[in-house]
Amino acid sequence: KSGSTQNMAANIKVVVRVRPLNEKELEQNSRIVVDVVDDKMLVFDPKEEMRPFFYQGVQQPNKNFLKRANKELKFVFDNVCSQSATNRDVFETTTKDMLSALMEGYNCSVFVYGATGAGKTFTMIGNSEHPGITYLTMEHLFYIINSYEKDREFDIGVSYIEVYNENVYDLLKPSNTPLQLREDSKYGVMVAGLTLNNIKTARELLNMLENGNKNRTQHPTDANAESSRSHAVFQVYVKMRYKTSSQLRLVKLSMIDLAGSERASATGCVGERFKEGANINKSLLSLGNCINKLADGSSYIPYRDSKLTRLLKDSLGGNCKTVMIANVSPAHISYEDTYNTLKYAARANKI
Ligand code: ADP
Ligand code: MG
């Protein structure tokens, strides 16, 4: 292993979250295809208990002709959050520790990855009863900032944008005109014309996130009435001025609710919708590519291949901390999506 590979190992954390079955899946008495063994391991497509099989009152040898063989694949991750995990539990195992790295000057990023309906937005935004990790992270940020205020001054600005069809839009100030990306030698990647909202408490965030989320581009498709094809990017810019030296430092925390990872082909879309799908695959694909190249210690990372990776260029790899949260449904109906997500997460976990 090269030095840089080992370095990356410390910098990317992969957590899988399995959501509970929803009402529909419960009604259908859906088979569960993810078995959480402990807080690090899960089994995909576990073997079912051998049930005695009777034919005309006589117990038969257990030959189940109809059922294909179960895969029974073991996966190990940095953390596995089971069906009963709360958003706070997820926060505790993902972004909480990141914030001390942020204070030390590392840019940090968190992704939620997974198929539509797997629980990405629930994890990130949640609802008023179960606030998501964005709120919990910001609340903790304001808490730890307190302990640094003796020798630093802070200025916190937030933005909430979406990448849709390879265009960038402001979710806090909706407009049909896409925003342009710029690279600034001092501040890194900037979105031109984007206004940052100054906030002083996490509370101020709740409405902002909820309203911003309503502005996300959504289109009903054949496969999913609420399929979300946009990537939502919440960014926190922390400006710190050290009181003794008056040295200025800017760090960024990015929290990204990725578009659904299901394949465009599976949704049976043509024309404009198909183009959307192709572009989403492009951003997801190049995100995966960049992560893999970073893992290999490649000197060339193809950040320029998509808007999403250009936007996150200064928040991935090198001097950054990254958490990937892979969301899956345990129901049999999502078998392929779940399998694909686990494979994607396992690849990232090798890093
Ligand atoms: P995605 O953003 O990945 O498309 P959502 O976060 O919108 O998926 O989740 C789909 C549905 O499942 C929503 O109604 C959401 O409230 C619910 N859900 C997701 N994860 C959980 C969870 N851990 N606990 C309870 N409900 C959840
Ligand atoms: Mg969503």
Side-chain angles (χ1 to χ4, degrees), residues 15-28 30 32-34 36 39 42 79-95 110-136 160-164 169 171 206 209-234 255-264 266-267 276-277 280-281 283-284 287 308 323-331 333-342 344-345:
V15 175
V16 170
R17 183 185 201 178
V18 187
R19 73 153 164 76
L21 291 175
N22 63 32
E23 267 174 40
K24 198 171 153 210
E25 291 156 348
L26 283 169
E27 265 169 36
Q28 290 166 344
S30 185
I32 300 220
V33 297
V34 182
V36 177
D39 65 348
L42 61 82
N79 265 105
V80 175
C81 295
S82 75
Q83 287 88 326
S84 60
T86 62
N87 277 343
R88 190 167 288 279
D89 295 332
V90 176
F91 159 72
E92 301 270 348
T93 59
T94 56
T95 52
V110 190
F111 296 91
V112 285
Y113 180 93
T116 297
K120 298 182 297 298
T121 306
F122 183 86
T123 300
M124 272 299 190
I125 311 288
N127 53 41
S128 50
E129 203 185 333
H130 306 282
I133 63 169
T134 305
Y135 173 77
L136 297 173
Y160 196 27
I161 60 181
E162 78 170 340
V163 177
Y164 173 69
Y169 299 97
L171 286 173
L206 286 176
L209 287 175
E210 206 174 301
N211 289 331
N213 226 35
K214 282 190 193 125
N215 294 326
R216 281 185 74 179
T217 312
Q218 294 198 339
H219 292 270
T221 65
D222 292 346
N224 275 293
E226 269 188 283
S227 168
S228 186
R229 297 167 166 276
S230 74
H231 308 281
V233 184
F234 175 75
M255 304 186 75
I256 302 104
D257 187 350
L258 292 167
S261 59
E262 61 274 6
R263 284 151 176 266
T267 59
E276 284 176 23
I280 283 152
N281 278 347
S283 271
L284 277 180
L287 176 67
L308 186 69
V323 176
M324 171 80 69
I325 304 174
N327 287 88
V328 296
S329 153
I333 191 165
S334 308
Y335 188 97
E336 286 301 327
D337 284 335
T338 296
Y339 187 35
N340 287 334
T341 298
L342 291 174
Y344 186 96

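From a predicted model like this one, the values you see are computed outputs, not experimental measurements. One-based numbering, in listed order, for ligands and for the atoms of each. The chain is numbered in sequence order, starting from 1. Both backbone and side-chain heavy atoms feed into the values below; hydrogens, waters and symmetry mates do not.
The shell of residues lying under 4.0 angstrom from ligand 1, judged by heavy atoms, includes Gly117. Heavy atoms of His130 come nearer than 4.0 angstrom to ligand 1 in no pair at all.
Proximity of Gln83 to ligand 1, defined as any heavy-atom pair under 4.0 Å, is not found for any part of the residue. With a 4.0 Å heavy-atom cut-off, ligand 1 is reached by the backbone of Ala115 but not by any atom from C-beta on.
The shortest N or O to N or O distance between Phe122 and ligand 1 is under 3.5 Å. Between Thr123 and ligand 1, no pair of N/O atoms sits closer than 3.5 Å.
More than 12 non-hydrogen atoms from other residues, nucleotides or ligands lie less than 6.0 angstrom from CD1 of Ile32.
The side-chain heavy atoms of Ile325 and Thr94, taken from C-beta on, include a pair separated by under 4.5 Å.
Here Tyr135 pairs with nothing under the ring pair (Phe, Tyr, Trp, His ring centres under 6.0 Å) rule; sequence neighbours left out. Applying the ring pair (Phe, Tyr, Trp, His ring centres under 6.0 Å) criterion to Phe122, with sequence neighbours excluded, gives no partner residue.
In this structure, a donor-acceptor pair under 3.5 Å is absent between the side chains of Glu25 and Ser30. Inspection of the Asp337 and Ser334 side chains reveals no N or O donor paired with an N or O acceptor under 3.5 Å. Donor-acceptor pairing under 3.5 Å is lacking for the side chains of Thr121 and Asn213.
Of the listed residues (Ser82, Pro20, Gly119), the one carrying the non-hydrogen atom nearest atom 23 (N) of ligand 1 is Pro20.
Atom numbering of ligand 1 starts at 1 in the shown order; those under 4.0 Å from a heavy atom of Arg19 are 19 (C), 20 (N). Numbered from 1 in the order shown, with element, the atoms of ligand 1 that lie under 4.0 Å from a heavy atom of Thr116 read 4 (O).
Among the atoms of Met124, no N, O or S atom falls under 2.8 Å of the Mg ion (ligand 2).
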